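All chains are named by letter (A, B, ...) in the order of the sequence lines, taking the proteins before the strands, and each is independently numbered beginning at 1. All values reported here derive from a predicted model rather than from experimental measurement.
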Amino acid sequence: MAAIRLHNSATRTKEDFVPLNPARVRMYVCGPTVYDRAHLGNARPVVVFDVLYRLLRHVYGVDAVTYVRNFTDVDDKINAAAQARKAAGDPRSLEALIRERTDETIGWYHADMDALGALRPTFEPRATEFIGQMIGMIEALIGGGHAYARDGHVLFRVRSYADYGKLSGRSVDDMIAGARVDVAPFKEDPLDFVLWKPSDADLPGWDSPWGRGRPGWHIECSVMSHELLGESFDIHGGGLDLQFPHHENEIAQSRCAHPKADFARYWLHNEMLQVEGRKMSKSLGNFFTVRDLLDRGVPGEVIRLVFLGTHYGKPMDWTAEKAQQAEATLRKWRGLTEGLAPAAPLPAVVEALSDDLNTAGALAELHAAAGRGDAAGLLGSAQLMGLLTADLGGWYRRTVSAVASEVSGAMGSTAAARSPLGRAADQLQALREEAMKTRNFAPVDARKSQLIAAGVEVRMSKAGVELVPGPDFDPAKLEGL
RNA sequence: GGCGGGUUGGCGGAGAGGUUACGCAGCGGAUUGCAAAUCCGUGAAGAUCGGUUCGAUUCCGAUACCCGCCUCCA
């Protein structure tokens, strides 16, 4: 079995992955703040770490891997959404409105990520379910001299952790010199960050030794990873934008609260997503959600394949052209593998994935397998990457080709039972057989043009007629034919 | 301003100090009533300038350009 090698952000080198316990491989990935639909950028870490999850399950066994991805359901944007509904006259309590909003968003998130073929993590904890443990960890940090309470706030004392900045390659002094943010008066040091902050009456809050309040952002991940994975675990992942300050702060909290433990041993960060060469942003008008793409008819499997074409450590550019190419590739592969049983994943594919998730290299091996006609190997390997699975094949089955009945005489009673596309294929076949006798191909060409105009790909050969609906297929245009 | 990453053929995008990446597009051929699809074959690269080396696109340095983070966006 090829050893897995991963680029560890903490050491900036590619290292052999050696789990603390091969029978219990543990991975934590920072999940979404559930205030709205996931945008396309949110989907990248989901797909990246889904591939890693699948690889770890393949290597260590399905039951040997524990994958935790949290939901952040305490957040000012969530509060704002709930307050807006309350202001609009909703009689329910703020807590009920927040819960409704986060429940709804989590449902969307699950539906959208399922559509990308991402397996559900082993645990998906919500921050609000761990408030008590957060208060406990904050108290421990205060007790250890790593945090202090001021005016209802509790702040982490950054100077108390010597390695602060190590993960992201920053020095505390440089950051203070370049700081752009106004420093709150209750901070001992400009970089100290909030562990707990007070809530007034129209904000959600929990009772604590420091008054009614709510947790800061970073503490939840330290607490939930500790509760579900322990003081030391193997992999911690997330987007590169989280490296600082979020992950830096997580490390500081966790290592100060549990000084004898490693916390996370391998840090993986995926690079950001761009759209047509530019940062995705609302102001540039290129902002869209996963659901937007799915509704526009881009299958989740296509999104997934586009993502896997770029190594996770490099910025990925989403383009319409890539989506088209990916769809063509999947159409071809699904055609090759339809109805087959998957073989074991090809060693070359496992090897590529084991080399720091070289998904682009693995895809090249898939192409090679297709080229040499190893359809079962292609299928098994693709499924290891979450592609060509039964769950993701709906879009393909809906556009599966219609082949004309062998003999024109068979059209009679069976024609009515065939799909519109099947009937069109039968008709074209009949026209063609007639034309082969008369040598007048004009009627065939005319019908062919109509079908192409309806978004259908027309294939004619000695074997017969085959109609394949393309991405622009419009069944309504077949009606009049 | 501080820190980090990147620059590969028409496009996308990998690995490897010396040997074909791969996909799409292009070109040639097979096939086809014509096409499409499919199959076979094929040209094309390594931002710039230096250095190390027998040899670098691959290692080191500089320059240019691009991008990200520093603002509770993955």
Side-chain angles (χ1 to χ4, degrees), chain A residues 9 12 29-33 35-36 38-49 72 74-77 165 168-171 173-181 191 193-194 197 216-218 220 237-246 248-249 269-274 277-282 287 305-306 308-311 313-317 319 321-322 324-326 328-329 331-332 335-336 352 355 358-368 370-371 373 401 432 435-436 438-442 444-445 448-449 451-452 456-463 465-468 470:
Chain A
S9 304
R12 283 160 240 279
V29 174
C30 290
T33 302
Y35 65 99
D36 206 351
H39 66 247
L40 192 63
N42 290 305
R44 173 117 107 134
V46 173
V47 172
V48 164
F49 292 106
T72 298
V74 185
D75 176 80
D76 288 343
K77 283 189 280 262
S168 53
R170 296 152 199 256
S171 86
D173 294 326
D174 286 349
M175 283 189 284
I176 290 170
R180 297 193 214 159
V181 194
L191 289 183
F193 58 90
V194 169
K197 53 190 166 186
W217 175 36
H218 316 292
E220 61 176 89
L240 187 62
D241 56 336
L242 293 181
Q243 190 179 42
F244 186 90
H246 183 58
E248 200 72 70
N249 292 354
H269 290 99
N270 62 278
E271 251 286 5
M272 301 292 100
L273 175 132
Q274 298 182 307
R278 315 187 70 176
K279 178 182 170 118
M280 180 165 79
S281 74
K282 286 174 180 167
F287 181 95
L305 179 56
V306 170
L308 297 184
T310 302
H311 187 264
K314 288 196 171 182
M316 200 214 75
D317 194 17
T319 66
E321 190 187 347
K322 283 185 181 179
Q324 273 184 352
Q325 286 189 10
T329 299
R331 210 175 272 287
K332 181 174 154 188
L336 285 172
D355 181 13
N358 182 0
T359 49
L363 291 177
E365 295 298 336
L366 260 44
H367 281 292
S401 61
R432 184 159 182 273
M436 294 295 265
T438 64
R439 309 309 294 173
N440 174 16
F441 291 96
V444 185
D445 289 338
K448 193 171 78 178
S449 300
L451 290 167
I452 290 170
V456 181
E457 186 185 290
V458 179
R459 302 178 188 171
M460 290 187 283
S461 68
K462 278 184 224 163
V465 166
E466 195 178 359
L467 301 181
V468 182

Quiz item: Are the side chain of A/Thr72 and the backbone of A/Val74 linked by a donor-acceptor contact shorter than 3.5 Å?
Solution: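 Pair absent, no side-chain N/O of A/Thr72 close to backbone of A/Val74.
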
Do [X] and [Y] come within less than 4.5 Å of each other through their side chains, counting heavy atoms only?
X        : Y        : value
A/Thr329 : A/His367 : yes
A/Glu271 : A/Pro315 : yes
A/Gln325 : A/Val306 : no

For the pair made of [atom1] in [X] and [atom2] in [N], what is the distance, rounded to whole Å?
X        : N     : atom1 : atom2 : value
A/Leu363 : B/G12 : CG    : P     : 17 Å
A/Ile452 : B/C34 : CD1   : P     : 15 Å
A/Met272 : B/G68 : CE    : P     : 10 Å
A/Asp241 : B/G4  : CG    : P     : 18 Å
A/Glu457 : B/U38 : CD    : C1'   : 11 Å
A/His367 : B/C24 : NE2   : C1'   : 9 Å
A/Asp355 : B/C22 : CG    : P     : 19 Å
A/Leu451 : B/C34 : CG    : P     : 20 Å

Sticking with atom [atom1], work out how far [N] lies from [M], rounded to a whole angstrom.
N     : M     : atom1 : result
B/U53 : B/C67 : C1'   : 33 Å
B/C70 : B/U58 : C1'   : 33 Å
B/C59 : B/G17 : C1'   : 8 Å
B/G6  : B/G29 : P     : 44 Å
B/G10 : B/C27 : P     : 16 Å
B/C60 : B/C11 : P     : 27 Å
B/A44 : B/G50 : P     : 26 Å
B/A45 : B/U7  : C1'   : 13 Å

[X] side chain, from C-beta outward: closest of [options]:
X        : options             : answer
A/Leu242 : B/A74, B/A36, B/A14 : B/A74
A/Arg439 : B/G33, B/U38, B/C22 : B/G33
A/Asn42  : B/A21, B/A74, B/C67 : B/A74
A/Phe244 : B/C39, B/C70, B/A14 : B/C70
A/Gln274 : B/C67, B/U38, B/A74 : B/C67
A/Lys322 : B/G33, B/G13, B/C24 : B/G13

Quiz item: Can you find a side chain N or O atom of A/Arg432 that sits less than 4.0 Å from OP1 or OP2 on B/G33?
Solution: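 Yes.
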
Quiz prompt | Nucleotide-level pairing of RNA chain B, given in dot-bracket where Watson-Crick and G-U pairs need both distances under 3.5 Å and | marks other strands | solution = (((((((..(((.....[...))).(((((.......)))))....(((((..]....))))))))))))....

Quiz item: Could one point to a donor on the side chain of A/Asp445 or the base of B/G33 with an acceptor on the other under 3.5 Å away?
Solution: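 It does, because a donor-acceptor pair links the side chain of A/Asp445 to the base of B/G33 below 3.5 Å.
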
Quiz item: Does any donor-acceptor pair link the side chain of A/His39 with the base of B/A74 at a separation under 3.5 Å?
Solution: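 Present.
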
Quiz item: If you pin A/Asn358 and A/Ser168 to their nearest nucleotides in RNA chain B, which one's is more 5'?
Solution: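 Closest to the 5' end, via its nearest nucleotide, is A/Ser168.
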
Quiz prompt | Of A/Asp317 and A/Cys30, the one whose closest RNA chain B nucleotide lies more 5' | solution =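 Result: A/Asp317.
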
[X]: partners by side-chain hydrogen bond (donor to acceptor under 3.5 Å, both in side chains), with sequence neighbours left out:
X        : value
A/Thr359 : none
A/Glu365 : none
A/Asp76  : A/Arg214

Practice problem: Applying ring pair (Phe, Tyr, Trp, His ring centres under 6.0 Å), name anything that partners A/His218, two or more places apart in sequence or on another chain. | Solution: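 Residues passing ring pair (Phe, Tyr, Trp, His ring centres under 6.0 Å) with A/His218: A/Phe193, A/His246.
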
Quiz prompt | Partner set under ring pair (Phe, Tyr, Trp, His ring centres under 6.0 Å) for A/Phe287, not counting sequence neighbours | solution =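 Result, ring pair (Phe, Tyr, Trp, His ring centres under 6.0 Å) vs A/Phe287: A/His39.
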
Is [X] touching bases, backbone alone, or none of the nucleic acid, heavy atoms closer than 4.0 Å?
X        : result
A/Val48  : nothing
A/Phe441 : base
A/Gly238 : sugar-phosphate
A/Gln324 : nothing

Exercise. Report the residues that fulfil salt bridge (charged side-chain N to carboxylate O under 4.0 Å, His left out) with A/Asp355, sequence neighbours left out, ordered by chain and then residue number.
Key: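 By the salt bridge (charged side-chain N to carboxylate O under 4.0 Å, His left out) rule, A/Asp355 matches A/Lys14.
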
Quiz item: Residues in salt bridge (charged side-chain N to carboxylate O under 4.0 Å, His left out) with A/Glu457, at least two apart?
Solution: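 For A/Glu457 the salt bridge (charged side-chain N to carboxylate O under 4.0 Å, His left out) partners, ignoring immediate neighbours, are A/Arg459.
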
Between the protein and nucleotides 6-10 of chain B, which nitrogen or oxygen pairs are less than 3.5 angstrom apart?
from : atom 1 : to       : atom 2 : distance (Å)
B/U7 : OP1    : A/Lys314 : NZ     : 3.3

Quiz item: Between the side chains of A/Glu248 and A/Ser168, is a donor N or O closer than 3.5 angstrom to an acceptor N or O?
Solution: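 Side-chain D/A pair, A/Glu248 to A/Ser168: present.
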
